[in-house]
Structures are given as C-alpha cells and as structure tokens.
There are 2 protein chains.
Amino acid sequence: MSNKTIGIKDVALAAGVSVTTVSHVLNDVAYARISPETRDKVRTVAEQLGYGPNRLAQALRTQRTGMLGLVSEEIATTPHAGRIILGADEAAKARGYNLMIINTPGSASLESRQADVQALLERRVDGILYATMYHRNVELPANLGSVPSVLVDSVATGGNITAVIPDEEGGARAAVGALLEAGHTRVGFINNTDDVPATHQRLDAFRSVLTEAGLDGDAAPVESEVSEVHGGYEAARRILTGKNPPTGLFCYNDRMAMGAYRAAAELGLRIPEDLSVVGFDDQELIAANLYPGLTTVALPHYEMGAWATEHLIDAIEGKTDLALMALHPTILSCPLVIRDSIAAPRQ
Amino acid sequence: MSNKTIGIKDVALAAGVSVTTVSHVLNDVAYARISPETRDKVRTVAEQLGYGPNRLAQALRTQRTGMLGLVSEEIATTPHAGRIILGADEAAKARGYNLMIINTPGSASLESRQADVQALLERRVDGILYATMYHRNVELPANLGSVPSVLVDSVATGGNITAVIPDEEGGARAAVGALLEAGHTRVGFINNTDDVPATHQRLDAFRSVLTEAGLDGDAAPVESEVSEVHGGYEAARRILTGKNPPTGLFCYNDRMAMGAYRAAAELGLRIPEDLSVVGFDDQELIAANLYPGLTTVALPHYEMGAWATEHLIDAIEGKTDLALMALHPTILSCPLVIRDSIAAPRQ
DNA sequence: GGACGTGGGAGACAGATGAGCAACAAGACC
DNA sequence: GGTCTTGTTGCTCATCTGTCTCCCACGTCC
C-alpha cells in the first residue's frame, strides 16, 4: 500500500535545499556552516516525511555498517546461547549497533564455519563475535582474522585472539567454600566426563579448597558421569552409598544436581537437612524450580556477551587495541547464587 | 595483516575482461553471451582471489538484501524463542537468506517496537518475522506493513496479517485423550490464570473431550494457579486432596507438571502407578529430565519459525500472496510426546 | 581584497543492467 | 569475385542505486 520509500533527495526537494545540505544537517557535520533556520527547516521536513537513511547506501559510502556478526552454536538447545545473545544485543543496541546472528551446529565442520564467517564478511559486518555453547578450546576459521573479532566462552587453540571466559576455578572455589562455611567436612564432587577446561579446573579447585581448609583434598570422593540428570543420579548414588558418605555435594552442573536430588530422595536423605548440594550453571528452569531451590554458581553468559561486544566496538572505533588484550583471555567471575540447598551438617 | 578486500574490478583486471563481464558470468545472466572459455577464466580467477561480492553494493543496486528481520521477545528467558529462531534460521539459510534478529522485552512499548521495526526497515530487510514468546493477541507497530511480514505464535488484534499459531485445542485433546485411553475416568486439569488463548482453549478442549467420552466434563476438577512450578504444586495439592481425587492430571505446562510431581511425592502418590500426568510445552530440560519422564504436548516452535520463513520468502519472491493467507491464521499441530508418566489407573 | 557566512556540485563507494558496438561469417546480388 | 546485407557472437560503456565528503562558488561586509 505504502508508496516508494523516500530518500534524502526527497527531503532536499521538499526543504528547498541541496542534498548536500540535508546530509550535513542530519549528520551534524562539524565543519558545515548552515544557518539555524535552514537546519530547522531540514529537520522538520525530514521528520514530516518520515525519512530514515538507507543504511545500505550509507554503509557503502562510509565503509561502516554498524552491524556486528555473531556466530553462535546451538542457539536453541541450550539457554546459554540466549543469554550471550541477550548480553551482546543489549550492549550493541546501546551503542547503535545491530546484530546479525548465524547459528551453527556445535558439530559443524571448519569449512562450514568458514562459510558462516564468509557470509558475515560479505555483508561487511564491522566486527565478529564468535561464541561457543560451553567453555572450550576452538579452532578458528582462517578468515575470522580479517575484521576485529572476539571469542566468547572459548579460547583459540592457537591463542592470540581476544577472548572472554568464565572463572571456572573461582566459581568452584565459591561453591565448595560455601559448603565448608556451613560446617561440612565430608564433601564430595560429582564431575563430568568430558575433556573440557571446566572439568579439570573445577576438580582442581575442589581439591585445593579442601586441602587449604585442612582437609584431605586428594582423598575426597569424586565420581564422574555424563553431565546429564541421569549421570548425576548414578554418580550421586555411588557416592552416597559409599562408606562414610559426604554430607555436602558439589555437582558439575545443575542437571547433575537434579539427578543428585532424586538419588538423595530415594535414599531417604532430605535436602538440605541430611545433605547439602551445590550446582553450577544457574539454569533458571532447574535451579530455581527444584525443591528446595538449588544453590548454584552462575555462569556469566550475559556478561561475557556484553563484555565481548563492548570491547569489540571499542576496537572498531579505535578506542582499544584488541591485539593487546589477546595476550591473555579475560576472565569473568562466576558468582554464587544462594538458594536453599545448603545447611549445616547434622551433628 | 590482510590487505584490502578485493572487489569485482580486481577480478576483472586479473581475468583481462571488463567488470560487466565478470558480473554477467558470476550472476549467470541469461541474456549475456560469453564464450565458455571466458566464463571459465572469470570463475577461476574469482575463486583464486577469493572474491565474494559486496552484498551492500549488490543490495543497493538490486533493491534486495537477502535479509529477513526477526523481532523476537525475550530471547534469553524462554527456550521457545530459541526454537523459533532455529526454525527460521534454517529455513532462511536454505533459501539463501540471513536473519537480522532484534530482541525486545515482552513489556516493550508500542513505540519501542516501532523503533525496532524502523531499524530493520532502514537496513532494508526484504521481510519481517514478528515473533512473540507465547501465543497471544498483539497490537502491531504501524510501520510493519511496509514490507511483507508474518506473525509467529500470535495473531494481530486487528487481524489481516498472515500468522502461524499452535493448535492449542488439538494439543489439549491429545493430552486428555491419552489419559482416557489409558483407562482413566477421573481426570483433573491444572490450569493457568493468565488470560491468554491457551488458557481458554485448553480448558474447553479438556471439558469437551471428557464429555464426548461420556464423562461429565463440566464436573471435572479444575484448579488454576500461576503457571510456574509452585503454582502447579499448589493446584495439584488442592486437586489431589479433594474428595474422590482424579487419577489422571492434565497440566497447563511442564513447569506446573513439575510442581505436580512434587505434590504427588509428598502425598505418597507414585507416578505413574498411582497418578498419571501429562504436561504441555515439551521443555526438554524439564520434561525429559523429570523422573519418570513426562509425557507432554510439544509446541511447534521450530515448525512455526520455519513455516513463517518459508511463506515470507515465497511472498518476497512473488510466489505467494500473503494477503490471501492473512484471512485466517495457519494452525500447526501440537504432537503428543510420549514418555513415562502415564499408566493405567489402579483398580 | 581578504575574511566570513552559506550553501552546492561532483565524484566515490561496489556492483547490476541493458543497450550497443565491433568483428566475423554466410548468403545475396550484380 | 567483390560488395552489401543480415545475423550472430562476444564483450563493453554508460548509467543507476542512496548517501557522504572534499572542495569550490557566491555574496557581503569591513
């Protein structure tokens, strides 16, 4: 129904000035000397006509699209991607940028990822955010380097690209620390079997914290299973039916904690009276809805998305040198979210 | 490190032909007469140089960006948005389009939504997908009409814009039907308190199915609470402690079903031996991870996203007239996902 | 005759598009 | 056999998309 879109020349015509002048006014060009009356006139007319610049033409001319590419794994299957996107989107919007999102399976080949980046490049995005669904080492498509880029929730195997990752160790320390502070001296860890940084770092932190507290970290019970509800269930059963079972359980993630809840229920152990549990991830759907609410460690997905976007834009605008930050990944803290699954051990 | 990006003229130069010829070859222009040798030459050179067209310039000239705008509510807080995005993204990619996603709070004002659409329009997206996080009636920003648009998971209060929505009634019928088929004759419904289509349609379907089966649908117990875990818990307690309690429970969504699980456990009722439960939504994290696995009705978010995208692109390419489809919303079915929470009632 | 105040013109960005121009061959005609 | 016509093949030129930006022009007033 609506007729053709109106361009800058329509505004110029209607305002009785040249296209140049309209451009000068609307972009507040510093050196342009134009009388206040003309400025008003142009602005008024532009408003009346509902003029909005054609960003394509603008971008073509200025070599700036105001678009950020975000390649994200598994948008739908984990809520984590959503939080990263949200953080990135809000940070981008705040600075006048928009996001172009490309979804990719976690299993995508390097070529396929390269094609994704290529698509972004052809659209001339000003920068690229490359996000993975969990903290790990990734091999990057070669063409990623051609525009400013930041890695979210992963580090490059080759290094030398700016990255933000969660403080796995700090988070694990907070979790185990909370158990110790509540008075527990027998604490177990239900770990994941995947060979990812989190698995090792959380385990190390677990043992260290115990040892530092004067307990025997190396002797503390650890059971590993796939990081799903049923894995948590199995591991918890093993750990809780062992001799001298722990009164506090640190779980690799909330899903495994959910399994631990069931194992505890089956064994007649009440949470938190008989058994205290801490999770990791802070998946709302689980942690807040379990009964009792699960105390857990939050992964800073939103924050990582926002941080990456902020710094990417800084780099694009020449306010930051990404090369400098690329030396070491930036580590964002994982705060403990306290709910109701920790209590003092029974005497 | 990488030097300037290479353009069509670089290819032309290297191949020893004009820019026009390169364009003709690479775009397979029908009427262009170019010798096979030249074609090969051009293609080879383009490949070697790693040439990719500048989509901005291309779009400026052709008035086609190959981009679809997707404004979605609450990307991060519900997994539903993720499924819609995934469906849309895969459908778009399959036809050579990319998505520009704008996230908006469910509470955003009409002006703010209009600004979102405006941003998309300035970027000259070829069409717009407008998605909500749950099935409801929405008031649309006025500027939405200026490009082909499709509504996902909602219908416009004013009508007359193409929309896809889930078959609430069919889903509810399947859920209740499953309970009846298992032999239950006393069935209750735990409903939501929000005034949304789903609330009413599922209730109607619930009563109808019972009545059609020769039971007294109007007398069947229904309890309403907020559609969260604790609401489900409260409602289930009420319904299960009433006189002559049901042996089968249909829950408004999986979260409420999760609450019902706890209520059942507290009352010493085993699922599915003593109580059968059906949910709605098929939220993986909950439904598949509850014990026993929750039989539930899946909302076709992926399918709606894909359907909307398909038809939007058809309209953009002139293969479909959206105005025709706008007469009635398209309804996509909600299949029952069978797990382990339904069994025959005890004798 | 500079300085100042106001504003406009002509590319350029990167590629798409259709008309049009050489070059050559085959056939027609004298 | 040579010239002209007509057709075909192969490719290029000019122009267009909407906006920005460098540089220049025109008056006026000291």
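Order of the sequence lines sets the chain letters (A, B, ...), proteins ahead of strands, with each chain counted from 1.
- With sequence neighbours excluded, the residues satisfying side chain to side chain donor-acceptor pair (under 3.5 Å) with B/Tyr302 are B/Glu90.
- Counting to the nearest Å, the P atom of C/dA16 and the CG atom of B/Asp28 are 12 Å from each other.
- Distance, B/Arg55 CZ to C/dA16 C1': 14 Å, rounded to whole Å.
- What you find for A/Ala326 and A/Asn160 is that their closest heavy atoms are CB-C, 3.7 Å.
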Exercise. What does nucleotides 11-17 of chain D look like as a protein-contact string, B for base, S for sugar-phosphate only, - for none, at under 4.0 angstrom between heavy atoms?
Worked result: BBBB-BB
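- Atom NZ of A/Lys41 and atom P of C/dG7 are 13 Å apart (whole Å).
- Remark: A/Glu310 engages A/Arg95 in a salt bridge (charged side-chain N to carboxylate O under 4.0 Å, His left out) (not counting sequence neighbours).
- Here B/Tyr51 does not reach the OP1 or OP2 of C/dA14: none of its side-chain N or O atoms lies under 4.0 Å away.
- Checked by atom type and distance alone, the side chain of B/Ser154 never pairs as donor or acceptor with a backbone atom of B/Val138 at under 3.5 Å.
- Looking at B/Asp116 and A/Lys93, a side-chain N of the basic residue comes within less than 4.0 Å of a carboxylate O on the acidic one, giving a salt bridge.
- For the side-chain contact (heavy atoms from CB on, under 4.5 Å) test with B/Asp126, the passing option among B/Glu317, B/Met67, B/Arg64 is B/Arg64; the others fail.
- Remark: B/Glu73 engages B/Arg136 in a salt bridge, criterion side-chain N to carboxylate O under 4.0 Å.
- In this structure, CD1 of A/Ile8 is placed 19 Å from P of C/dC13, rounded to the nearest angstrom.
- Put simply, CZ on B/Arg124 is 11 Å from C1' on D/dT19, counting in whole angstrom units.
- A search for side chain to side chain contact (heavy atoms under 4.5 Å, CB included) contacts involving A/Ile331 returns A/Ile165, A/Asp167, not counting sequence neighbours.
- The interatomic distance linking B/Ile6 (CD1) with C/dC13 (P) rounds to 16 Å, in whole Å.
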List, with names and distances, any nitrogen or oxygen atoms from the protein found under 3.5 Å away from nitrogen or oxygen atoms belonging to nucleotides 27-30 of chain D.
none

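- In this structure B/Asn54 satisfies the side chain to side chain contact (heavy atoms under 4.5 Å, CB included) test together with A/Leu60, A/Arg124, B/Leu56, B/Ala57, sequence neighbours excluded.
- Across the protein-nucleic acid pair, B/Gln58 atom CD and D/dG18 atom P stand 16 Å apart, rounded to whole Å.
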